[in-house]
Protein chains: 2
Amino acid sequence: MGSCDTCLVRNRAICSALDGEEVQLLNAIGRRKALAAGDPLIWEGDDSLLVANVIEGMLKLTNSTEDGREQIVGVVYPSDFIGRPFGARANHSVTALTDARVCIFARSDFDRFAADHPALEHKLLERTLTELDRTRSWMLLLARKSAEEKVATFLLDMSARLVDSTCTTPHHGPLDEFELPFSRQQIGDILGVTIETVSRQMTRLKRDGVLDLPTRRSVRILDRLALEAMAG
Amino acid sequence: MGSCDTCLVRNRAICSALDGEEVQLLNAIGRRKALAAGDPLIWEGDDSLLVANVIEGMLKLTNSTEDGREQIVGVVYPSDFIGRPFGARANHSVTALTDARVCIFARSDFDRFAADHPALEHKLLERTLTELDRTRSWMLLLARKSAEEKVATFLLDMSARLVDSTCTTPHHGPLDEFELPFSRQQIGDILGVTIETVSRQMTRLKRDGVLDLPTRRSVRILDRLALEAMAG
DNA sequence: CGCCTAATTGATTCTTATCAATATTCGTGG
DNA sequence: CCACGAATATTGATAAGAATCAATTAGGCG
C-alpha cells in the first residue's frame, strides 16, 4: 500500500526509467498524498518546494492576473509529472480538478536523485519537450482562433485524449462519445473565452447537427468531418 | 574558424556542460550555417531532421493555421537551442528574423551524442523547463489580456530582455531606451493582434506621455510605473 | 420536492478586426 | 545629394465577434 510496487502508473510515469533497486530508493524519498477536487497543491509565485507524479485524477495548472482573471495553462493526467525541478520558483498554481492521488517529493531530494540517474532525467526531458510542443501549439489556438474554432478544436482534442483512459473498448482511434471531465467554466478557462461563449457555441453545434449533448457533461460527435472543418 | 574553440556562445549554450575533449567530439558532428533574415531553417510538420544552437542573430518559431494565420510561439536568441530531439516531427517552423549564424547537427547524431552525455541532457532539460514556464506564462497574455495590456507587457519584456546584449553600459536592470528587434507586423504576430492594433496602442502610449518613439524601431520609456500598471 | 449551482439564452456594449486611405521611412540609383 | 519607389507604419471608418449584464431554465442532491 503506497509503495511503487503497486503503483498504477509505475510503467508510464518517468519512474519507468528506473530498475527495481532504484525504484526502492525513489520510493524512500517520496510519499503519497490524496487531494479532493478543488484542493491546491502548489501556488504560483511560491518557492518551488515540491514536485510530484500524478497517480490518479486530473489537475490544472493556472496563471492569473492580479485582478483575478485566470487561465488554465495545462492539464495533467495520470503518469504526468508536476512541478519545477532545478528552479527556485513555482511559476504556476496546481489545483486538483477531480479527487486525485499524487506521489510527492521534496524538490531538493528529487533534484539530487535525478542528478544521479540520467535515465530518469532523460525521460523527464522527453516529457518536457513534448509538453512544450503541445503548449506552443495551443498558443496558436488562444491567440488566433475564433470561439467556434476553439470549441471545435477542444472537443476533438478531448475525443483523442480520452481514448487512453477507456480500456473497456478494444477499438482504437478517437472516441465519438465521451464524458467531458470539465465544467463549462473550466472549458472557458482553457480556451480563453467566457462561459457564455462556450455555451453558445455548444448549442450551435448541437442545433447544426454536428453534436448531440445528451447531458451537460456528455458529448456525442455526429459529424466528425464537419467538426474538423470548423477547427480551422 | 567555425570550431567550438572560437564559438561566441561556447560558455552559455548547452555545450558549456562539456569538457574540452567532449566538445571536440560534438564539434565533429556539427557544422556552421549562415542564414539571411527571412531564411527558413525548419518547416512545421516536416520530419525532425536537425537540431541547432543559435550563435548569432534571432529566429522565430511559428505555428500556422491552414488558412495562413500565423502565430509566433517563441523567439530564440544567441546560445538558445532549436529543434526537437528525440522526436520524429518538427512541430513548428523556424525562420531567421535577422541575419543569423547557427551550429547545426543531424538529429540522429545529436540524439546519440546526448544519450552518452548526461551533463548535456541536464543542461537541455533545465533550458526546456525554463522555456516551458515562459511559454505558459505567455499563454495568460494571449488568452486574457487586452491589446493595451499586451503591448505594455511586451515593451516591459523587451526592456528586460535586451539588457544582456548591451554590454556597453555598466548599469544593470531594465533599459529605459532600446531598439526594437521586431517590425510592427512581428510584434502583432507575437501578441496575437493585428498590426493596426499594435500601431494604435503605441501611438496612444506616446500621446499619453508614457513613451517616446524617436524612430519606428526605437523606444524610450518615460513613465515605467504607468507602463507597469497598464501591463495588468 | 425544493433548493442551490451550473448552464443557457437574450439584449447590449466594447473591443478589436477588417477594409481603405494616406503618410512615413528607407534604400537605391540617377 | 536628392528623388523616386517600395515597404512599413499610421490613421480613419465600419463591421464582426465576444464580453458583459441580466434573466431564466435545467440539473443534481439533500
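The sequence lines fix the lettering, A, B, ..., with proteins before strands; numbering per chain opens at 1. Predicted, not measured: the structure shown is a model, and the values here were computed from it. Just the heavy atoms: all of them, side chains too, but no hydrogens, waters or symmetry mates, feed the values below.
- The side chain of B/Thr197 contributes an N or O atom lying less than 4.0 Å from OP1 or OP2 of C/dA17.
- Taking the nucleotide of DNA chain C with the nearest heavy atom to each of A/Phe182 and B/Gly192, the more 5' of the two is matched to A/Phe182.
- Ion pairing between a basic and an acidic side chain is recognised when a charged N comes within 4.0 Å of a carboxylate O; B/Arg127 and B/Asp80 show such pairing.
- Spacing between atom CD of B/Glu196 and atom P of C/dC19 amounts to 10 Å, rounded to whole angstrom units.
- Comparing A/Pro214 and B/Ser199, the nucleotide of DNA chain D nearest to each residue sits closer to the 5' end for B/Ser199.
- What separates NZ of B/Lys150 from C1' of C/dA17 is a distance of 12 Å, to the nearest Å.
- Between A/Gln185 atom CD and D/dG27 atom P the separation is 20 Å, expressed in whole Å.
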> Can you list the steps and then say if A/Lys145 with B/Thr65 is a side chain to side chain donor-acceptor pair (under 3.5 Å)?
Replying inline: CA-CA 9 Å; A/Lys145 290 194 176 180; B/Thr65 55; over 6 Å; no
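- If you run salt bridge (Lys or Arg N to Asp or Glu O under 4.0 Å) between A/Glu56 and each of A/Lys33, A/Arg32, A/Arg101, only A/Arg101 comes through.
- For the residue pair A/Ser159 / A/Arg224, a side-chain donor-acceptor distance below 3.5 Å is found, with atom types taken as modelled.
- Put simply, CZ on A/Arg144 is 16 Å from P on D/dG17, counting in whole angstrom units.
- Using a 4.5 Å heavy-atom threshold, the side chains of B/Met230 and B/Asp223 count as separate.
- Which of C/dA17, D/dA9, C/dT18 sits closest to the side chain of B/Val193 comes down to C/dA17.
- In this structure, the CD1 atom of B/Ile187 is 11 Å from the C1' atom of D/dA9, given to the nearest Å.
- One finds a side-chain N or O of A/Thr203 lying less than 4.0 angstrom from the OP1 or OP2 phosphate oxygen of C/dT9.
- With distances taken from any side-chain atom of B/Arg184 to the nucleotides D/dA9, C/dT18, C/dT16, the minimum falls on D/dA9.
- The residue A/Ser146 sits close only to the backbone: its heavy atoms come under 4.0 Å of sugar-phosphate atoms, none of a base.
- Of the listed nucleotides (D/dT11, C/dT16, D/dA9), D/dT11 has the atom at the smallest distance from the side chain of B/Arg200.
- One can place NZ of A/Lys145 at 13 Å from P of D/dA18, the figure rounded to the nearest angstrom.
- Remark: the B/Arg84 side chain and the A/Thr130 side chain contain an N/O donor-acceptor pair separated by less than 3.5 Å.
- Spacing between atom CD of B/Glu149 and atom P of C/dT15 amounts to 11 Å, rounded to whole angstrom units.
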Each nucleotide N or O in nucleotides 4-7 of chain D that has a protein N or O under 3.5 Å away: list the pair and distance.
none

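- Rounded to whole Å, atom P of C/dA6 lies 10 Å from atom CD of A/Gln186.
- In this structure, B/Thr194 reaches the bases: a heavy-atom distance under 4.0 Å links it to at least one base atom across the strands shown.
- Around CZ of B/Arg217, the count of heavy atoms belonging to other residues, nucleotides or ligands within 6.0 Å exceeds 12.
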